[in-house]
*Asks:* 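My questions all concern the structure below.
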Amino acid sequence: MADLFSASRAANAARAAPLAARMRPRRLADYVGQEHCLAPGRLLRRLIESDRLGSVILHGPPGVGKTTLAEIIARETRRRFVELSATSSGVKEVREVLDAARRRLEDDAQRTCLFIDEIHRFNKAQQDVLLPDVEQGSIALIGATTQNPSFALTSALVSRSRLFALESLSAAHLASILRRAVADREHGLGLEQVTLDDDALDFLVESSDGDARRALGGLEIGVLSESRRPLVFTLDLARESVQRKALVYDAGDTHYDCASALIKSIRGSDADAGLYWLARMLEGGEDVRFLARRLVILASEDVGNADPRALQIAVAAMQATEFVGLPECQLSLSQAVTYLALAPKSNACTTAIAAARRDVRERGVIPVPRHLQDRRSAAAQAFGRGEGYRYSHDDPDGVAAQDYLGVEKRYYEPTDRGEEADMGARLEAIRRRLRGQSPVKDDCFEGDGGGDGA
């Protein structure tokens with residue numbers, strides 16, 4: 001009688017669980033998505049089928065099935081499934097689980113699959129506690145994280161684990177999951193007499209950003225909020241159920257990936273893509289000061305002297321961001337993004353300073369030529385410092401034939417794009433004049449009363 005009562009309570013609890021939890025697949029054959037590592041012949045599939053799992057780290061965005069996959073792996077390999085959350089477990093709890101796993105293995109030959117959700121939240125000491133049992137095979141560790149394991153986990157744990165990146169579910173995957181949830185009579189909504197319109201299906205898929213849990217949550221809210229049966233799940237009902245889309249945006253990979261996409265889009269002169277990534281970061285709650293700083297850097301790094309006004313625009317946007325804040329500063333950031341995207345591009349200044357600093361680091365230091373040395377003190381003058389210096393303004397065209405480095409070096413090589421093309425012509429004329437050569441007739445010296453240099 002007690003067993004029947006317990007079974008009834010378990011069944012009631014299962015029916016009361018959220019739709020996303022009820023629809024979790026129980027077998028590998030029913031798992032949707034991640035074909036790149038679970039299709040027949042792929043590494044993770046082979047490890048599961050051959051029961052050679054070891055330690056595995058599953059990383060990817062929320063709602064792609066990391067926890068579900070861990071449960072399936074434990075079931076397929078006939079291991080005891082033990083779950084810990086890194087947000088609420090300390091070293092004491094981890095040691096207790098590991099001790100119990102070793103006892104099960106020694107007493108009953110039963111192996112344990114230890115699943116740690118959000119494993120990136122474990123500190124170094126907590127991660128180090130796992131290492132001996134991972135090495136000895138006392139447990140099969142499955143860690144789940146939304147962060148890049150190479151940055152979020154210790155190198156010791158990463159080196160002992162196989163890393164598998166799980167990807168956001170495709171539109172076809174999500175549509176399949178939603179249709180199955182509507183039709184499933186045991187775990188889904190099959191008894192609710194629900195018909196899902198194609199437009200509503202497309203909206204749920206589009207607004208879920210590859211997150212199955214979010215898609216199923218929107219479907220469930222819409223069904224539970226309507227008492228009519230049979231129910232036609234329309235586009236309007238889908239919009240009401242999902243409401244405002246919650247963006248997945250964190251301080252880890254998403255932050256860096258979006259920032260990288262923003263910079264590369266502007267560098268590639270795609271203003272529309274630049275605006276999208278700006279909007280994505282603003283909607284995700286990105287620090288607008290970070291955005292402004294990145295645009296100032298880009299103005300010099302990727303536009304440079306091809307359009308010197310680019311730096312002025314970027315700095316002005318940065319100042320406007322500080323002065324007015326959100327939401328109005330989005331206008332200044334948008335102006336800067338579009339201006340920088342459409343500006344002619346040059347990285348000549350970037351490569352020039354990189355080459356000069358490399359010479360300073362890796363080559364012998366060039367002494368300051370005597371005629372350029374400071375001669376303000378009497379002692380300096382007594383030693384002849386600064387003697388022979390030619391004051392540039394005394395030369396008719398303002399450029400005196402003079403050596404300013406002591407060796408021949410060419411760091412700055414202007415492109416032929418934008419205003420840098422004119423700068424390049426002037427630079428070549430100046431270089432000839434500095435070497436004491438009479439320059440050929442050059443527009444950059446016309447009308448300046450120029451002489452013949454030296």
Side-chain angles (χ1 to χ4, degrees), residues 263 266-269 295-316 339-377 380-381 383-454:
I263 297 305
I266 298 173
R267 180 184 297 144
S269 300
L295 295 178
V296 170
I297 295 168
L298 183 144
S300 293
E301 181 180 15
D302 294 303
V303 178
N305 286 329
D307 185 350
R309 288 179 297 276
L311 182 57
Q312 298 172 359
I313 295 290
V315 171
Y339 189 95
L340 294 173
L342 298 177
K345 303 298 188 296
S346 170
N347 70 340
C349 293
T350 303
T351 57
I353 188 60
R357 294 194 67 174
R358 186 166 54 250
D359 272 0
V360 171
R361 288 194 307 269
E362 299 175 1
R363 298 177 182 273
V365 174
I366 299 172
V368 177
R370 179 172 292 274
H371 62 283
L372 299 183
Q373 294 174 357
D374 179 66
R375 59 178 283 114
R376 286 177 294 178
S377 69
Q381 295 174 22
F383 283 103
R385 297 165 68 93
E387 287 184 1
Y389 171 67
R390 294 184 59 181
Y391 189 52
S392 298
H393 294 288
D394 291 339
D395 196 274
D397 53 28
V399 179
Q402 188 164 231
D403 189 349
Y404 288 93
L405 190 57
V407 296
E408 182 70 23
K409 289 288 184 181
R410 294 174 68 101
Y411 295 118
Y412 182 45
E413 298 293 348
T415 67
D416 58 358
R417 296 185 289 273
E419 295 186 28
E420 206 166 41
D422 294 334
M423 291 183 182
R426 177 170 175 79
L427 176 60
E428 286 306 311
I430 289 174
R431 281 172 173 164
R432 290 195 299 271
R433 184 68 59 88
L434 292 175
R435 291 194 296 267
Q437 301 171 0
S438 298
V440 295
K441 186 177 181 181
D442 195 292
D443 290 343
C444 65
F445 285 108
E446 284 186 354
D448 61 1
D452 62 355

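Not measured: the values here are computed from a predicted model.
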*Asks:* Evaluate the side-chain proximity of Q381 to E387: yes if any heavy-atom separation is below 4.5 Å, no if none is.
*Replies:* no
*Asks:* From D422 CG over to E419 CD, what is the distance, rounded to the nearest 0.5 angstrom?
*Replies:* 7.5 Å
*Asks:* What heavy-atom pair brings Y412 and L427 nearest, and what distance separates the two atoms?
*Replies:* O-CD2, 3.6 Å
*Asks:* For the CD1 atom of I313 and the CG atom of L340, what is their distance to the nearest 0.5 Å?
*Replies:* 8.0 Å
*Asks:* Is it true that a side-chain atom of S300 and a backbone atom of I297 form a donor plus acceptor pair closer than 3.5 Å?
*Replies:* no
*Asks:* Mind checking the CZ-CG spacing from R390 to D395? Nearest 0.5 Å is all I need.
*Replies:* 5.5 Å
*Asks:* Can you check whether V360 reaches V365 side chain to side chain, under 4.5 Å on heavy atoms?
*Replies:* no
*Asks:* How close do L295 and A314 get, counting heavy atoms only, and between which atoms?
*Replies:* O-CB, 3.6 Å
*Asks:* May I ask you to say whether K345 pairs ionically with D302, meaning some side-chain N is under 4.0 Å from a carboxylate O?
*Replies:* no
*Asks:* If I take atom CD1 from residue I266 and atom OH from residue Y339, how far apart are they, to the nearest 0.5 angstrom?
*Replies:* 14.0 Å
*Asks:* Return the minimal non-hydrogen interatomic distance between R417 and S346, and the atom names on each side.
*Replies:* NH2-CA, 4.0 Å
*Asks:* By the salt bridge (Lys or Arg N to Asp or Glu O under 4.0 Å) test, which pairs, at least two apart or in different chains, include something from residues 360-374?
*Replies:* D359-R363, D374-R376
*Asks:* Mind checking the CG-CG spacing from L298 to N347? Nearest 0.5 Å is all I need.
*Replies:* 11.0 Å
*Asks:* Which atoms form the tightest heavy-atom contact between P308 and M423, and what is the distance?
*Replies:* CG-CE, 3.9 Å
*Asks:* How long is the gap from CG on N305 to CD on E420, to the nearest 0.5 Å?
*Replies:* 5.5 Å
*Asks:* Please enumerate all residues that pass side chain to side chain donor-acceptor pair (under 3.5 Å) together with Y404, with sequence neighbours excluded.
*Replies:* S392, Q402
*Asks:* Just wondering, are more than 12 heavy atoms of other shown residues or ligands nearer than 6.0 Å to CZ in R435?
*Replies:* yes
*Asks:* If every non-hydrogen atom of L405 is compared with every non-hydrogen atom of D403, which pair is closest and at what distance?
*Replies:* N-OD1, 3.0 Å
*Asks:* Are H371 and R385 side-chain neighbours, meaning at least one heavy-atom pair lies under 4.5 Å?
*Replies:* no
